[in-house]
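Along the sequence shown, the residues carry numbers beginning at 1.
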Amino acid sequence: QVDGIGTPPPPRVSHSATVIDHKLYIIAGGRFDGRQWISCDDVFAFDFTNCQWKALEITGVTMPRRRGHSAGLVSNRYIVVFG
């Protein structure tokens, strides 16, 4: 668990985590609501310089809910999500 300022993502499994510069991006994954597994479509960022969590607002075309996917870093600038 990483403590910091702001609201961290809810506990989850099968997400991807990618670092660009000084930020860690947590993408989608799955969580259990007590009855069933639910796939997520959210993205959170953790800034290592100020230990701050932030839920990112995705605009435009959004990705479908997913878990068990992969993410790759392209040109140290773009995150490409597969699966």
Strictly distance-based, threshold 3.5 Å: is any side-chain N or O of His69 a donor or acceptor partner for the main-chain N or O of Ile27? yes

Go through the steps for His15 and Cys40 under the test side-chain contact (heavy atoms from CB on, under 4.5 Å), then give the verdict. CA-CA 9 Å; His15 58 282; Cys40 302; over 6 Å; no

Run the side-chain hydrogen bond (donor to acceptor under 3.5 Å, both in side chains) test against Arg12 and tell me which residues pass, sequence neighbours left out. Asp42

To the closest 0.5 Å, what do you measure between NZ (Lys23) and CG (Asp47)? 5.0 Å

Heavy-atom side-chain contact between Tyr25 and Val19 under 4.5 Å: no

Quick one: are Val43 and Ile26 in side-chain contact, heavy atoms under 4.5 Å? no

Between CG of Asp41 and CZ of Arg65, what distance do you get to the nearest 0.5 Å? 4.5 Å

Check for me, please, whether Val13 and Val81 land in the same ILVMFWY cluster - side-chain distances under 4.5 Å, paths through other members count. no

Return the orientation label for the Phe46 and Trp53 ring planes: parallel under 30°, perpendicular over 60°, tilted otherwise. tilted

If you look only at distance, which donor and acceptor atoms sit under 3.5 Å apart when one is on a side chain in residues 71-79 and the other is two or more places apart or in another chain?
none

Does the side chain of Arg66 come under 3.5 Å of the side chain of Ser39 through a donor N or O and an acceptor N or O? no

Write down the atom of Asp33, the atom of Gln36, and the distance for their closest heavy-atom approach. OD1-N, 2.9 Å

Mind checking whether Lys54 and Thr7 have side chains closer than 4.5 Å, heavy atoms only? no

Any idea which heavy atoms bring Pro9 and Phe44 closest together, and the distance? CB-CD1, 3.4 Å

Please tell me whether Phe48 and Leu56 are part of a single hydrophobic cluster in this structure, the criterion being side-chain heavy atoms less than 4.5 Å apart. no

Do Ser16 and Phe82 make a side-chain contact, defined as non-hydrogen atoms from C-beta onward lying under 4.5 Å apart? no

